[in-house]
Structures are given as structure tokens and as C-alpha cells.
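See below for the structure under consideration.
What's counted below: heavy atoms across the whole structure, side chains too, no hydrogens, waters or symmetry copies.
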Amino acid sequence: MIAISLARSAFSGPNSSQPFFRLSRHSRSWSSYGLNSALAGKGILVQDQAFLNLKSTELFQKGATLAEPLSGLPIHVRGHALRGSSEISKPQFTKLLKQVTSHISSISNIYVHDGAIGSRSKCNVKIRMISDGPSSILAFSNIVWETTTRAISHDSCPLTVYAAESISPGVGNTIGLGAGGDNGFIAADIERSMLILCGKAFSDTNGTKETLVALSEPVIFARGGLPLPARLLVSGDSVVLLFAPEDVIQNCAAFLVSKDAGVVLSSEGVMPFFRIGNTNTNGPHIFKSPSAIVLVTSDDSRTIPSASKLSPGQAAYHFLAGHQNGKFVAAFHKGPSSIDPLELGKALLCMLKEQQIPSFLVNAKGIESGKDIVTLVESALSMNIPPFQTEGGELKRRYKSFVSEKYQQLPEDFSF
């Protein structure tokens with residue numbers, strides 16, 4: 001715990017009469033000038049104390065509570081966001097940011113927590129949350145990986161999260177976003193790398209995670225990583241990247257490293273976006289490069305085999321299509337995203353070739369047991385699976401119709 005006191009004490013020594021900022025007795029040798037200058041750069045003026053990186057026990061002592069989980073709160077994103085969110089204009093976000101920073105600055109005690117998306121890696125994204133209360137900090141610290149304050153200050157493009165727990169419920173109306181209800185809303189600006197959680201929005205864990213991912217994707221991509229909406233399945237020595245419909249994921253969640261969608265694939269290996277349960281992060285949590293990539297579809301037309309092997313070009317094609325029982329979910333991702341799926345597909349194709357990662361297509365239609373799905377995936381890895389072929393051309397026609405309409409100028413390497 002770090003408590004920074006802004007009370008000034010007159011130094012009565014013979015060589016100086018200038019006041020200086022006094023650190024509280026709980027300080028861990030952190031300069032008040034450093035933290036408060038950094039906060040001022042984010043529009044926050046500390047009135048009394050700023051608490052940095054408190055442990056959960058300390059947050060509870062400060063009055064933090066485990067808020068009731070919420071879901072489906074409004075998400076407003078500015079800056080090339082695709083799918084799953086409504087837009088917020090630059091003037092609206094600017095006005096909201098001003099109101100939120102003014103509100104937090106008016107609170108006596110401010111709470112700050114530093115974390116990261118992705119464990120310790122050159123591709124991860126550093127995040128600093130600034131809040132008017134301890135409950136949002138507690139929720140935030142339970143989903144992000146640990147990082148150091150030095151890492152935040154030395155990062156070229158860290159994200160900033162503002163949590164205004166006690167701000168007026170009508171703040172959305174005042175900037176023209178409409179009534180978002182009494183529980184609050186989520187707003188993000190991808191270009192500014194900023195996220196704002198108003199009211200109880202910090203309790204919408206899924207909404208918070210989805211928006212953090214959308215903000216992080218450009219940074220991860222620029223640093224050589226691929227932000228993919230996949231899950232991790234570890235079987236023996238094999239690490240498998242699993243792309244699958246949500247109902248399939250829920251059925252086999254007990255067998256996955258985490259049921260949260262989102263991993264970073266890089267030359268270093270693969271790592272989850274967010275903390276795994278109550279996992280502590282004293283060491284790096286990066287898994288080795290995948291043994292295989294498995295794309296799970298659910299097709300009742302009987303034209304897709306139970307398991308088949310894909311070429312890198314086919315894997316990239318089926319990744320873009322995201323076929324799920326007659327419907328298509330581009331890149332297997334329904335939430336907000338700031339990365340063009342086609343660019344992500346191209347990068348995935350290159351990595352599959354460079355790292356020689358085998359790929360498979362699995363049809364899980366009619367399989368309800370999570371254990372049976374995992375068994376099917378494992379058998380695809382261990383057996384001599386034939387290349388992908390279909391009976392009849394109707395499914396191929398539907399794939400082509402979706403892909404050609406969704407993506408322009410598809411590279412020749414991409415094939416059904």
C-alpha cells in the first residue's frame with residue numbers, strides 16, 4: 001500500500017523555509033511529486049491522499065465491497081470500433097472526460113491501481129486505473145495482471161481507466177448519450193487509449209473486459225502480437241488454441257485454462273488477456289507456442305466431417321468466416337473490436353506458416369458433453385486426420401457469399 005499525503009509541513013531547518021510534500025508513514029519510498037504529477041497529467045488533482053496499488057485486504061479496510069455482478073450495460077466507443085457498441089462523438093467524450101476528472105478531483109481520497117493485459121511480455125499493454133472509490137479498484141485488480149509502477153511510467157502507450165463510482169447517474173444525459181439507467185455505462189476512446197466507467201459499470205466484468213480488449217488490440221498488434229478471440233486448452237504437453245461458438249465454450253469451460261475469450265499469440269508463445277481465476281502473477285504466465293489451432297463449427301448439414309485437417313490458408317479462411325450452424329460470426333468475435341478481421345487473418349496466416357502450427361476443423365454438432373468435445377479435439381491432434389473436404393457445394397457457396405461480401409480483395413492464399 002502507498003498512501004501519499006498532500007499536507008504541507010514547513011521545514012524549519014537553517015537552510016530552507018520552503019514547504020515540502022510529506023509522505024505518510026505507510027509510503028513505500030514513492031515520491032509524491034511523481035505520482036501526483038502523473039495524475040495531474042491525466043486531469044486529476046489530488047485533494048488529500050492518493051492510494052497506490054493497495055492489496056485486497058487494504059481495499060476492504062477502506063470500505064471496498066464485492067458489488068453484485070451486472071451485465072449488458074451500455075457501451076459507447078469512439079475510434080474505429082467494429083461491432084457490439086454504439087458510437088460516442090469526440091465532443092461528447094471530451095465533455096464526459098472533463099466531468100469525470102472534475103468529479104474524481106473533488107473526492108478527498110483517490111485510488112490508483114496499475115495492471116496489464118497479458119502477462120509479462122513485450123506485447124502486453126499497461127493500464128492505470130484512477131478511481132474515486134476502492135470497490136472499482138478491487139474489481140479491476142481481480143482481472144488484470146500485475147505490473148510495476150515503473151513499467152507504467154516507461155510504457156509508450158499505456159491505457160488509462162477512470163472509474164467514477166459516485167458520479168451523478170444523469171451524467172450520460174448531460175452529454176447527449178441518453179438515459180443509461182441507474183447502474184451507469186461504459187465509454188471508451190480508442191484514439192486516446194482511455195476508458196471511463198460511470199456508476200456501477202465496473203461491476204459489468206464482461207463489458208469492461210471487452211472494451212479493454214478493443215482498446216488494447218492496436219497496441220498488441222503494433223508490438224508484434226496477435227490479439228485473438230480464442231481460448232486455451234492444455235492437454236498434456238499440448239497447448240491448443242480453440243476458436244468455437246459460445247455454447248460450445250460453455251459446455252467445455254471446465255477443461256479450458258480460462259473461459260474468457262482472448263489470448264495474445266506472439267513469437268514468445270501464447271498468453272491469456274486477463275488473470276486466470278485467483279492466479280497470482282509472481283512469475284510470467286506465458287504458455288509455449290501452440291501445438292495446434294482448432295476451429296470448432298456446429299453444422300447440421302452433414303457436409304462438414306467430424307474432424308479434418310486444414311492448410312494455413314484454409315485455417316485463415318475459416319477463421320474469418322466463423323461459421324456457426326448456418327450463421328457466420330466474423331473472426332469468431334461478437335464484441336467491439338478495433339482491428340480489421342482481414343488484417344488479423346493475414347497476420348494469423350503468416351504466423352501459422354512461420355511457426356508451422358497445424359490447424360484442424362472440428363464439427364461439434366450433436367455433441368453436448370464438454371468432455372466429448374475435448375476428446376474429439378484431442379483425437380484430431382493424435383490421429384492421422386484427412387484433409388478437409390465437403391460433400392456438395394451449397395455450404396461452400398454460402399461461405400463464399402459471406403466472405404466475399406464481408407472482405408474485399410481476399411488474398412489468394414485464403415481458400416475454403
Check whether any side-chain heavy atom of [X] lies under 4.5 Å from a side-chain heavy atom of [Y], and answer yes or no.
| X | Y | result |
| --- | --- | --- |
| C198 | F185 | yes |
| L232 | P290 | no |
| L197 | V161 | yes |
| I220 | I339 | no |
| M194 | I196 | no |
| V171 | T174 | yes |
| L177 | P74 | no |
| L395 | H323 | yes |

Test item: [X] side-chain N/O and [Y] main-chain N/O as donor-acceptor pair under 3.5 Å:
| X | Y | result |
| --- | --- | --- |
| W145 | F273 | yes |
| S86 | I75 | yes |
| Y162 | K42 | yes |
| Y111 | L59 | no |
| T148 | A151 | yes |
| E191 | G79 | no |
| D204 | L73 | yes |
| Q49 | S108 | no |
| T65 | A67 | no |
| E165 | S136 | yes |

Once side-chain contact (heavy atoms from CB on, under 4.5 Å) is applied, do any residues pair with S311, and if so which ones, sequence neighbours excluded? Q314
Audit row: I130, T160, side chain to side chain contact (heavy atoms under 4.5 Å, CB included) steps and yes/no: CA-CA 8 Å; I130 307 168; T160 303; 4.2 Å; yes
Just wondering, more than 12 heavy atoms not from K200 lying within 6.0 Å of its NZ? no
Is atom CD of E343 surrounded by more than 12 heavy atoms (other residues, nucleotides or ligands) closer than 6.0 Å? yes
Would you compute the distance between atom [atom1] of [X] and atom [atom2] of [Y] and round it to the nearest 0.5 angstrom?
| X | Y | atom1 | atom2 | result |
| --- | --- | --- | --- | --- |
| H103 | S166 | NE2 | OG | 3.0 Å |
| K95 | S89 | NZ | OG | 10.5 Å |
| S258 | L233 | OG | CG | 12.5 Å |
| L410 | L320 | CG | CG | 6.5 Å |
| Q99 | S168 | CD | OG | 8.5 Å |
| K209 | S216 | NZ | OG | 13.0 Å |

Please give me the minimum heavy-atom distance between [X] and [Y], naming the atom from each residue.
| X | Y | value |
| --- | --- | --- |
| S338 | P218 | OG-CD, 3.1 Å |
| M351 | I357 | O-CD1, 4.4 Å |
| V296 | F332 | O-CE2, 3.7 Å |
| F388 | H318 | CE2-NE2, 3.7 Å |
| L376 | N363 | CD2-O, 3.8 Å |
| I167 | D132 | N-OD2, 4.3 Å |

Begin from the C-alpha positions of K400 and Y317 and carry the test side chain to side chain contact (heavy atoms under 4.5 Å, CB included) through to its verdict. CA-CA 10 Å; K400 184 177 180 180; Y317 186 93; 4.1 Å; yes
Have R78 and T94 got a donor and an acceptor in their side chains that come within less than 3.5 Å? no
Side chains of D114 and T149: donor-acceptor distance under 3.5 Å anywhere? yes
Test side chain to side chain contact (heavy atoms under 4.5 Å, CB included) applied to I44 and I110, step by step: CA-CA 9 Å; I44 303 297; I110 293 173; 3.4 Å; yes
Aromatic ring pairing F416/Y399, orientation class (parallel under 30°, perpendicular over 60°, tilted between): perpendicular
For the residue pair K406 and F328, would you count it as a cation-pi contact if the rule is NZ or CZ under 6.0 angstrom from the ring centre and within 45 degrees of the ring axis? no
Would R275 and I143 count as a side chain to side chain contact (heavy atoms under 4.5 Å, CB included) here? Give the steps. CA-CA 5 Å; R275 280 183 60 176; I143 65 173; 5.7 Å; no
Enumerate the salt bridge (charged side-chain N to carboxylate O under 4.0 Å, His left out) contacts for residues 232-242, please, sequence neighbours excluded, ordered by first and then second residue. none
Which donor-acceptor pairs under 3.5 Å do the side chains of residues 244-256 make with protein atoms, sequence neighbours left out?
residue: E246; atom: OE1; partner: R231; partner atom: NH2; Å: 3.2
residue: E246; atom: OE2; partner: R231; partner atom: NH2; Å: 3.4
residue: E246; atom: OE2; partner: Q250; partner atom: NE2; Å: 2.8
residue: N251; atom: ND2; partner: D247; partner atom: O; Å: 3.4
residue: N251; atom: ND2; partner: E368; partner atom: O; Å: 3.4

Would a line drawn from the ring center of F140 to the ring center of F202 be shorter than 6.0 Å? no
